Number of protein chains: 2
Amino acid sequence: MNIEAQERFRNFLKNARNHRITPERFEVMDAALQFEGHFGADDLYIKMKNNHSNVSRATVYKTLDLLAQCELLTKRNFGDNLNRFENNFFRSNHDHLVCKNCGKIAEFSHPGLREVANQIAADLGFDISGYSFNIFGKCKDGTKCRHTDE
Amino acid sequence: MNIEAQERFRNFLKNARNHRITPERFEVMDAALQFEGHFGADDLYIKMKNNHSNVSRATVYKTLDLLAQCELLTKRNFGDNLNRFENNFFRSNHDHLVCKNCGKIAEFSHPGLREVANQIAADLGFDISGYSFNIFGKCKDGTKCRHTDE
DNA sequence: ATTGCTGCAAAACGTTTGCACCTAT
DNA sequence: ATAGGTGCAAACGTTTTGCAGCAAT
């Protein structure tokens, strides 16, 4: 579908040792890049099944990790024991604000966070590969968000 | 065990509606506050079992969430589909650096992150309850950390 | 007396694995 | 020819749930 993304994935697979270029992997890539917003691996599997794909669940899970490794996707975790993926090809880096009531996810980007992360990693002797900044709270969206007063 | 913590938990249970004060809950509280470092709910359950407690797994899981709600514990998630808890009673707030190779977790605190989070939440109309800043990378601890070159 | 809590076991959930067959290299 | 990938189903580990009896209010 997307030539540039295909090219990046292909090169990633070629350069990583022992990775083969298969039609199934590109099928997963296409479906993943078409997904709007955040999605779980199983969401994608179901969606592909509904579209009459016969790529297996195992292949979907494995391929999504490969796509995250080559940074076509970003793997996110908002503290609910569910890995979510997000297109990282079209958009710039950003972080998330999660509503604990209704699950709504807002996005923001804050200049300087990257630099803070780099600095801390350097200070502590880590070879940084990424960071995640999640803010938790309750949104004020009356239509979606039941305000339990917990 | 710890009078001040007990008091806080007791008040939390009293003030929240429909929460009862039971011996099992304080048994879990004591065991949790004694745990050094990060622990999973099941870790605590096993440890209590080994100490001849007969509090059930269900009660441990439920009580840990209550303890996180009243901020005696902090619930963490480092993206590996496992909820970890950490004593939040004795220590000040801090964030984490996670080694993707060996799982080692380093801690840091960075002044200003709290303020950044507050500001962003305010801007986006969220009622903030907390934030998490995790940095991922590889540590340089030769003894623990196999440096696969992925 | 009410209704929340408990222990137990079973189920649920997302994810990973073992296997035999297949296919890219 | 080799070794990595595939689909399938079963297994995994963590967490949640249904239930009958129990206990805090």
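In the text below, chain A, chain B and the rest are named by the order of the sequence lines, each starting its count at 1. Note that the coordinates shown come from a computational prediction; the quantities given were computed from them, not determined experimentally.
Residues B/F26 and B/F9 bring their aromatic ring centres within 6.0 Å.
Annotation: proximity of residues 18-25 of chain B to DNA chain C (heavy atom, distance under 4.0 Å) is found for B/N18, B/H19, B/R20, B/T22, B/E24, B/R25, numbered in ascending order. Of the residues in residues 55-64 of chain A, those with a non-hydrogen atom less than 4.0 angstrom from any atom of DNA chain C are A/R57, A/A58, A/Y61, A/K62.
In this structure, A/D80 atom CG and D/dT16 atom P are separated by 11 Å, rounded to whole Å. When the P atom of D/dT6 is taken as reference, atom CD of A/E27 falls 11 Å away, rounded to whole Å. Note: CZ (A/F26) to P (D/dT6) measures 11 Å, nearest angstrom. A/D65 has its CG atom 13 Å from the P atom of D/dG5, to the nearest Å. When the P atom of D/dT15 is taken as reference, atom CG of B/N81 falls 9 Å away, rounded to whole Å. A/N83 has its CG atom 13 Å from the C1' atom of D/dT14, to the nearest Å. For A/Y45 and D/dA9, the OH to C1' distance is 11 Å, given to the nearest whole Å.
With no hydrogens or angles considered, a side-chain donor-acceptor pair links A/Y61 and A/D42 at under 3.5 Å.
Mapping heavy-atom proximity under 4.0 Å, the span of DNA chain C touched by chain A runs 5' to 3' from C/dG14 to C/dT25.
Applying the salt bridge (Lys or Arg N to Asp or Glu O under 4.0 Å) rule to A/D43 yields no partners; only residues at least two apart in sequence or on another chain are considered. With sequence neighbours excluded, the residues satisfying ring-ring contact (aromatic ring centres under 6.0 Å, His included) with A/F35 are A/F39.
The minimum heavy-atom distance linking A/E107 with B/L124 is given by the pair O-CD1, 4.1 Å. Between A/A68 and A/F85 the shortest heavy-atom distance is CB-CE2, 4.3 Å. Between A/N2 and A/M29, the closest heavy-atom pair is O-CE, 4.3 Å.
Comparing B/K49 and A/G40 along DNA chain C, the residue whose closest nucleotide (by nearest heavy atom) sits nearer the 5' end is B/K49.
Between B/R91 and B/E86, some side-chain heavy-atom pair lies under the 4.5 Å cut-off. The side-chain heavy atoms of B/L33 and B/L73, taken from C-beta on, include a pair separated by under 4.5 Å.
Screening B/F133, B/F136, B/F108 for a ring-ring contact (aromatic ring centres under 6.0 Å, His included) with A/Y131, the sole residue that qualifies is B/F133.
Residue pairs satisfying the side chain to side chain donor-acceptor pair (under 3.5 Å) criterion with at least one member in residues 18-36 of chain A, sequence neighbours excluded, are listed as follows: A/E27-A/S53.
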